[in-house]
Amino acid sequence: MCGRYSTGKVSKKKYEKTLNTKLENISSRYNIAPGQKNPVISTHKNSTSLSSMNWGLVPNWAKDPNPKIKPINARAETLSEKPSFKDLFLKQRCLIPADGYYEWQVTGTNKIPHYIHLPNMSTFAFAGIWDHWKRDDCNTLLSYSIITTEAAEPIRFIHHRMPVILPEKHWQKWLDPSVPVHSLPEILQDCRNDCTYRTVSDLVNKVSNDGPELTAAVPRKKQDEFDFI
DNA sequence: CCAGACGTTGTT
DNA sequence: GTCTGG
DNA sequence: CCAGACGTTGTT
DNA sequence: GTCTGG
């Protein structure tokens with residue numbers, strides 16, 4: 001799955017070139033957590049732009065802008081069936097700029113954080129869906145959820161689910177609300193699985209920690225080595 | 001029909 | 001255990 | 001995702 | 001809003 005990620009060294013130019021549009025700046029962050037406002041690229045009324053959206057989907061029909069359940073992830077396999085997601089999957093897809101994400105490997109009583117990224121620390125984009133919540137007397141709330149799928153082979157030992165990382169060739173199609181429905185599952189299945197990883201320190205656990213040191217490789221003992229102490 | 005949920009992950 | 005806040 | 005709180009009444 | 005359960 002995906003519950004923390006980074007935009008530390010993303011290339012805004014890569015998004016601008018691939019999408020043929022001008023975007024606002026993307027701040028460098030190394031510990032993006034659910035519930036925060038983060039940069040998201042979406043196409044609305046024929047224009048593609050970067051907006052600040054809340055991570056954790058608040059559907060437009062929610063009575064309250066702060067409902068109990070705000071999904072941070074949405075399963076790719078069932079997107080077109082779930083009442084909360086199906087309309088958004090058809091018409092409100094988004095790209096989430098990132099250059100890595102964190103996954104905790106649970107071994108016995110230990111939780112070892114790993115930083116997962118593409119070769120060469122390439123800038124990438126998660127596939128997501130977004131929505132727009134509005135009541136007369138309240139400000140508009142934009143929110144999003146990151147789509148997940150089965151984990152790629154190299155990182156499956158860490159966790160069995162991972163966020164969908166879209167190759168650049170699909171970015172424009174993914175954002176286009178008029179793209180034929182049948183191509184959506186094809187795009188999702190053609191996601192990147194050439195991920196690599198490193199163990200990192202526990203600094204990432206605390207949301208208030210933020211900096212390049214969170215992504216630094218830190219050797220960690222495995223659980224079975226602890227067992228003999 | 002109305003009332004109530006609408007999600008994921010992981011664990012059992 | 002479960003919910004909230006970040 | 002993880003960390004940290006989880007409550008009321010009354011007083012300042 | 002739309003779906004599910006009763």
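Every chain is numbered from 1 and lettered A, B, ... according to where its sequence line falls, protein lines coming before strand lines. The model shown is predicted, which means the values in this text are computed figures rather than measured ones.
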Using a cut-off of under 3.5 Å, enumerate the N/O to N/O pairs linking the protein to nucleotides 3-6 of chain C.
{"unit_1": "C:dG6", "atom_1": "N7", "unit_2": "A:P34", "atom_2": "O", "d": "3.3"}
{"unit_1": "C:dG6", "atom_1": "O6", "unit_2": "A:P34", "atom_2": "O", "d": "3.2"}
{"unit_1": "C:dG6", "atom_1": "N2", "unit_2": "A:R4", "atom_2": "NH2", "d": "3.1"}

Are there any protein N/O atoms within less than 3.5 Å of an N/O atom in nucleotides 1-6 of chain B, and if so, which ones and at what distance?
{"unit_1": "B:dC6", "atom_1": "O3'", "unit_2": "A:S84", "atom_2": "OG", "d": "2.8"}

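In this view, A:H160 satisfies the ring pair (Phe, Tyr, Trp, His ring centres under 6.0 Å) rule with no residue, not counting sequence neighbours.
Using a 4.5 Å cut-off on side-chain heavy atoms (C-beta onward), A:V204 and A:N209 make no contact. At a threshold of 4.5 Å between non-hydrogen side-chain atoms, the residues A:D99 and A:S122 do not count as touching. Side-chain contact check for A:T123 versus A:K13: every heavy-atom pair is 4.5 Å or farther apart.
Here A:Y5 lies out of heavy-atom contact (under 4.0 Å) with every strand. Nucleic acid contact class of A:A62 (heavy atoms, under 4.0 Å, all strands): none. Among the atoms of the strands shown, none is found under 4.0 Å from any heavy atom of A:K70.
Atom NZ of A:K17 has 12 or fewer heavy atoms from other residues, nucleotides or ligands within 6.0 Å. For A:D64, the CG atom sits in a packed shell: over 12 heavy atoms of surrounding residues, nucleotides or ligands are nearer than 6.0 Å.
The hydrophobic cluster around A:I116 extends to A:M1, A:Y5, A:I32, A:V40, A:M53, A:W55, A:I72, A:I96, A:Y101, A:L118, A:F124, A:F126, A:W130, A:L142, A:Y144, A:I146, A:I155, A:F157, A:I158, A:M162, A:I165, A:Y197, counting ILVMFWY residues whose side-chain heavy atoms fall within less than 4.5 Å of a member.
For the pairing with A:R93, the side chain to side chain contact (heavy atoms under 4.5 Å, CB included) check across A:L175, A:V179, A:I147 returns one residue only, A:V179.
The P atoms of D:dA3 and B:dG7 are separated by 28 Å, rounded to the nearest whole Å. Taking the P atoms as reference points, C:dT2 lies 15 Å from B:dC6, given to the whole Å. Across B:dT12 and D:dC1, the matching P atoms stand 16 Å from one another, rounded to whole Å. Comparing C:dC3 with D:dT9, their P atoms sit 23 Å apart, to the nearest whole Å.
As a whole-Å value, the separation of A:N73 CG from B:dG7 P is 13 Å. Here B:dT9 presents its P atom at 12 Å from OH of A:Y101, a figure rounded to the nearest Å. Rounded to whole angstrom, the span from the CE atom of A:M162 across to the C1' atom of B:dT9 amounts to 16 Å. Between the CD1 atom of A:I158 and the P atom of B:dT9 there is a distance of 16 Å, given to the nearest Å. What separates NE2 of A:H160 from C1' of B:dT9 is a distance of 6 Å, to the nearest Å.
Taking a 4.0 Å limit (strictly below) on heavy-atom distances, residues 177-204 of chain A does not reach DNA chain B anywhere.
Salt bridge absent: A:E103 and A:R4 never bring a charged side-chain N and a carboxylate O closer than 4.0 Å. Between A:D202 and A:K111 no salt bridge is recorded (no basic side-chain N to carboxylate O distance below 4.0 Å). Salt bridge annotation for A:D210-A:R29: present, with a cationic side-chain nitrogen under 4.0 angstrom from a carboxylate oxygen. In summary, A:E77 and A:R161 engage in a salt bridge, as defined by a charged side-chain N under 4.0 Å from a carboxylate O.
DNA chain D forms stems at C:1-6 with D:1-6, each a run of 3 or more consecutive Watson-Crick or G-U wobble pairs whose two key distances fall under 3.5 Å.
Between A:L166 atom CG and A:H170 atom NE2 the span is 7.5 Å, to the nearest 0.5 Å. Annotation: the span from A:I129 atom CD1 to A:K91 atom NZ amounts to 15.0 Å, rounded to 0.5 Å.
In this structure, A:R75 does not reach the B:dT8 phosphate: none of its side-chain N or O atoms is under 4.0 Å from OP1 or OP2.
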